[in-house]
Amino acid sequence: MDNNELPKWHQELTIFNRIKPQIIIEGNIMDKYVYPEENDYQSKGVILNLKDYLNAFFRNLGYHHVIFYDHLKGFYNDSCDDGKKAIDDFAALVSKDVTEDHIEAPFSGRGANAAEIIDLALGQKEESVAVIMDFVSRYIVSPTQLSPDDVLSFTRLQKAVLGSSEVVESSGVHLKNTVILLTQKVNDLPVWFYLDNPLSKTINIQPPTKEERFSFVDTQFKSFFDREIYQAEIGRYEDESGRGELKKFKEKFTGITDGFSYTTLNDLRILCKNQKFHLNELTKVVDLYRYGVKDNPWEKLDFKDFEHAEQEFYQRVKGQDYAIAKTLDVVKRAMTGMNGLQHSSHTKPKGVLFFAGPTGTGKTETAKTLSQKIFGDESRCIRFDMSEYSQSHSDQKLLGAPPGYVGYERGGQLTNAVKNNPFSILLFDEIEKASPTILDKFLQILEDGRMTDGQGNTVYFSECIIIFTSNLGIYVDKEDPETHQIRKIQNVTPGDDYETIRKKVGGAIEHFFKYQLNRPEILNRIGENIVVFDFIRPETADRITDALINKIRRELLESKNITLSLSDKATDNLRKLAAGNLENGGRGIGNIIEEYLINPLSRYMFDNGIRSNTGITINDIVTDNGSVSLNCTLTEGNP
C-alpha cells in the first residue's frame with residue numbers, strides 16, 4: 001500500500017517506533033479503526049479497536065513480544081489467538097509468575113510493580129518487546145498532585161525508557177524495545193514525564209479525515225445494505241452514469257459525517273442495514289442517527305405549496321416585498337438542496353438570514369410566518385433575546401457550562417433547544433447586543449453547522465434556518481462638535497427612499513462588524529443574506545390598520561357574536577392616527593389601535609353591560625383633553 005493511503009498516525013508510528021523507545025498516543029483512542037494493510041496477522045479492511053490494531057501492527061514488524069498492561073489486570077495479551085502462550089513467554093523473559101492469563105503488577109508502590117517489569121523487558125537484548133500501556137490517564141488521580149509512590153513509578157518508567165535496548169532479530173531486522181502509552185490527553189500525564197524528553201514522541205489520533213471516511217463507505221458500501229435490497233438495486237448503477245450517481249451518494253455521506261469517529265461510521269453501517277434503507281437513501285441514515293427521524297421534514301416539503309407563498313407572507317407582513325422575496329430565495333435554495341454548494345462543508349445550516357431595519361417592520365413576524373409555512377407550527381421558531389446574553393460568561397448559559405461548573409448538568413439553552421427541535425428556525429433578536437464570546441461561537445455554527453456543548457455532546461444545526469435580527473444602522477453615534485460628547489442621531493428616516501435606507505443600514509452593519517466588533521469573518525459567513533426591512537409607508541400603514549380592525553371584528557364575532565362596524569369617518573380617523581406614528585412601525589400602529597379603539601370600546605361595552613349578541617356601530621372617535629371615547633349606535637340582538 002502507498003504510504004499516502006495510510007492514516008497519518010499510522011505513518012508516524014511506522015517512522016518513530018524504530019527511533020523512540022517511548023511513544024505516547026493521545027486523542028481518538030477509544031475509537032475503532034479500519035486496518036489498512038494485508039499481512040500475516042490481519043486482513044485489510046477489518047474494523048479493529050486500538051489494542052487489536054497495535055497488536056497486528058507490532059507483530060507484523062517482527063516484534064517477538066507484544067504485551068498489554070493496565071492497572072486493573074496487569075500484563076496480558078487478549079488480542080491474539082495464542083494470548084496465553086504470549087504471556088507465558090513474556091513471563092519467562094522477565095522471570096515473573098503468571099496468574100491464569102496475566103501477570104499481576106500494580107502501577108504504584110515500592111514492591112514489584114509495572115514499571116520494574118517494563119524496566120526488565122526494555123533493558124534486555126535477547127527478544128524484541130513492545131509494551132502497550134492502556135488507560136494511562138487512570139493510573140493517577142491528578143497529574144499535578146502525585147503521591148510519592150506515583151512519582152516513584154513514573155521515575156522508574158523513565159529509567160526503563162532510558163535503558164531501552166535495540167534487539168537484532170534472527171531475520172536481521174533491528175527493533176527498538178518500546179513502551180506505548182495510550183491516553184486521551186497527553187496532559188493527563190505529569191508534564192515533567194514527557195516535556196522536552198528527547199526519548200519520547202507524542203502521536204495524536206484525529207477522527208477520520210474526509211478521505212478516510214470516503215474510503216470507509218467505499219470499501220464497506222455493500223455491507224451498508226440488506227443483501228436482498230443490494231442485489232436488487234445495484235444493477236441500475238453499473239453503467240457510467242450510474243457509477244457517477246453512486247459516487248455522489250458516497251461523497252454526500254462523507255460530507256455530512258464530518259467529525260464522526262470510525263465507531264460511529266460503523267454504527268451507521270449497521271443501522272442502515274437493519275432499517276433496510278435503499279441505496280439512494282444512504283444519507284438518510286445520518287438523520288436517523290442524529291435526530292431519531294427517518295424522514296427529513298425538508299425532503300417532505302412540496303414545491304407546489306410554495307407557488308403562492310409570497311401572497312401568504314404579504315397577508316401577514318405588509319410592505320416588505322423585497323425582504324419576503326429574499327427570504328423565500330433562501331428557503332428555495334434549502335428545498336432544492338442548492339444551499340452551500342459554493343462551500344466545501346455539507347453540514348452548514350439550511351440557511352442564514354440577517355434581518356435589519358427599523359423596529360416594528362415585520363422582522364420577527366417574517367420568521368414566524370416562515371416557521372408556519374415550513375414546519376406547520378409557529379412554535380418551531382425558537383427566539384432568543386440576545387440582550388440577555390451580553391455578559392462575558394453568557395456563552396455558558398446559551399451553550400452549557402463546562403464540567404465541574406454550577407449548572408453543568410442542565411446544558412445550554414440553545415443546545416437544549418436544538419436537541420429537542422433539530423428541525424427549526426432559530427431567531428436571535430438584537431444580535432449586536434450579544435457578548436463577543438457568543439459571536440465567536442456563532443462562527444463555528446455558521447461554518448460547520450455543529451457545536452459541542454458543555455457535556456461534550458455534539459449538537460447539529462444543519463437542519464435549521466438561522467435568523468439574526470438587528471436595529472443596527474437606524475441610529476448612529478456622532479460626536480457633538482461643541483461638547484465633544486457622543487450621542488445617537490437618526491441615520492435613516494421614513495422620508496428616505498428604500499434604496500437609500502438599504503445602503504445606509506448595510507453600511508452601518510458592515511462598519512459595526514469590521515471596525516467596532518472587529519469580527520469581519522462573521523459578516524463573511526452571513527454573505528449576501530443581509531435583508532433590510534423598509535419603514536412602514538403611509539399606504540402600508542392603511543393596510544395594517546385595516547387588517548387590525550378586521551381582526552378585532554372577527555374575534556368579537558367568533559367569540560361573543562358581536563357585530564362591529566366602523567363608519568368611514570371613524571376608519572379614516574384611525575388611519576390618520578396610525579400614519580402619524582410610522583417611526584414605531586407595525587407595533588406603533590398596534591399601540592394606536594389599542595389606545596383609540598380597543599380601550600374605549602372595552603370601556604363602552606363595560607359601561608353598557610354588553611357581553612354578547614349585539615351589533616355595535618362606531619360613528620366617530622372623540623378625543624377630549626387626552627381622553628378617548630366612542631360615539632356608538634347599538635343594535636339589540638345581532639342583526
Side-chain angles (χ1 to χ4, degrees), residues 9 12-26 29 54 57-58 61-71 74-77 89-96 103-140 142-169 173-183 185-204:
W9 69 271
E12 288 186 276
L13 192 57
T14 303
I15 294 169
F16 288 102
N17 84 88
R18 298 178 185 275
I19 303 172
K20 302 291 187 182
Q22 174 176 291
I23 296 175
I24 301 171
I25 299 180
E26 67 160 348
I29 64 168
L54 293 175
F57 175 87
F58 282 105
L61 289 178
Y63 275 84
H64 195 95
H65 300 278
V66 181
I67 297 296
F68 299 98
Y69 172 81
D70 67 53
H71 63 311
F75 293 91
Y76 63 97
N77 188 328
D89 291 347
F90 180 71
L93 181 71
V94 295
S95 303
K96 298 296 176 185
I103 300 173
E104 292 184 353
F107 179 71
S108 295
R110 295 182 178 273
N113 63 9
E116 179 191 0
I117 294 173
I118 292 172
D119 190 11
L120 292 171
L122 268 57
Q124 57 78 39
K125 301 180 181 180
E126 302 301 318
E127 299 171 351
S128 55
V129 177
V131 178
I132 299 159
M133 303 183 73
D134 202 4
F135 302 110
V136 181
S137 59
R138 301 293 180 264
Y139 297 176
I140 53 178
S142 167
T144 58
Q145 296 177 345
L146 298 179
S147 69
D149 284 347
D150 291 336
V151 173
L152 183 62
S153 295
F154 274 107
T155 304
R156 276 181 170 173
L157 198 54
Q158 275 192 327
K159 177 178 174 292
V161 171
L162 281 166
S164 175
S165 300
E166 186 174 80
V167 177
V168 181
E169 291 290 334
V173 175
H174 292 244
L175 295 173
K176 191 80 171 175
N177 287 335
T178 303
V179 60
I180 312 293
L181 295 90
L182 308 183
T183 179
K185 297 183 300 216
V186 68
N187 57 10
D188 283 339
L189 305 177
V191 175
W192 54 264
F193 178 73
Y194 60 87
L195 191 65
D196 297 327
N197 183 350
L199 300 177
S200 182
K201 170 65 179 176
T202 299
I203 296 174
N204 185 278

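Heavy atoms only: backbone and side chains are in, while hydrogens, waters and symmetry mates are out.
- Asn77 has its side chain out of reach of His65: every pair of non-hydrogen atoms, C-beta onward, lies at least 4.5 Å apart.
- The closest side-chain heavy-atom distance from Asn187 to Pro143 is not below 4.5 Å.
- Taking 4.5 Å as the limit, every side-chain heavy atom of Leu61 sits out of range of all side-chain heavy atoms of Val173.
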Practice prompt. Decide yes or no on side-chain contact (heavy atoms from CB on, under 4.5 Å) for Glu26 and Asp188, but give the supporting numbers first.
Written response: CA-CA 10 Å; Glu26 67 160 348; Asp188 283 339; over 6 Å; no
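- When every heavy atom of Ser165 is checked against every heavy atom of Gly123, the shortest pair comes out as OG-O, 2.7 Å.
- The CD1 atom of Ile29 sits 7.5 Å away from the CZ atom of Phe135 when rounded to the nearest 0.5 Å.
- A 4.5 Å side-chain heavy-atom check between Asn113 and Asp149 finds every atom pair outside the cut-off.
- To the nearest 0.5 Å, atoms CD1 (Ile23) and CH2 (Trp9) are separated by 11.0 Å.
- A ring-ring contact (aromatic ring centres under 6.0 Å, His included) with Phe75 is found for exactly one of Tyr69, Phe68, Phe107, namely Tyr69.
- Salt bridge Lys159/Asp119: present, at least one basic N to carboxylate O contact under 4.0 Å.
- Closest of all the heavy-atom pairs between Ala160 and Ala115 is CB-O, 4.4 Å.
- Shortest non-hydrogen contact noted between Val161 and Gln22 is CG2-OE1, 3.3 Å.
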Worksheet entry | Stepwise side-chain contact (heavy atoms from CB on, under 4.5 Å) test for Thr14 and Phe57 | CA-CA 9 Å; Thr14 303; Phe57 175 87; 3.5 Å; yes
Discussion item. Let's go through Val186 and Asn204 carefully: what are the C-alpha distance in whole Å and the side-chain angles of both, what is the deciding distance for side-chain contact (heavy atoms from CB on, under 4.5 Å) to 0.1 Å, and is it a yes or a no?
Written reply: CA-CA 9 Å; Val186 68; Asn204 185 278; over 6 Å; no
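- Residue Glu127 holds its CD atom at 3.5 Å from NE2 of His64, rounded to the nearest 0.5 Å.
- Shown are Asn177, Leu157, Val94; of these, the side-chain contact (heavy atoms from CB on, under 4.5 Å) with Ile118 is made only by Leu157.
- The OH atom of Tyr194 sits 12.0 Å away from atom CG of Leu181, with the distance rounded to the nearest 0.5 Å.
- The CG atom of Leu175 sits 8.0 Å away from the CD atom of Glu166 when rounded to the nearest 0.5 Å.
- Aromatic rings of Tyr139 and His71 (six-membered ring for Trp) have centroids within the 6.0 Å cut-off, being under it.
- For Pro21 against Leu199, the heavy-atom pair with the smallest separation is CD-O, 3.3 Å.
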Worksheet entry | Worked check of side-chain contact (heavy atoms from CB on, under 4.5 Å) between Glu12 and Ile15 | CA-CA 5 Å; Glu12 288 186 276; Ile15 294 169; 5.7 Å; no
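- Within the model, atoms NZ of Lys176 and CZ of Phe16 stand 14.0 Å from one another, a figure rounded to the nearest 0.5 Å.
- In this structure, Asp70 and Arg138 have side chains that are not in contact, with every pair of non-hydrogen atoms separated by 4.5 Å or more.
- There is a side-chain donor-acceptor pair under 3.5 Å between Glu169 and Ser128.
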Worksheet entry | Step-by-step side chain to side chain donor-acceptor pair (under 3.5 Å) determination, Asp150 to Ser108 | CA-CA 5 Å; Asp150 291 336; Ser108 295; 2.5 Å; yes
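- For Thr178 against Ile180, the heavy-atom pair with the smallest separation is CG2-CD1, 3.4 Å.
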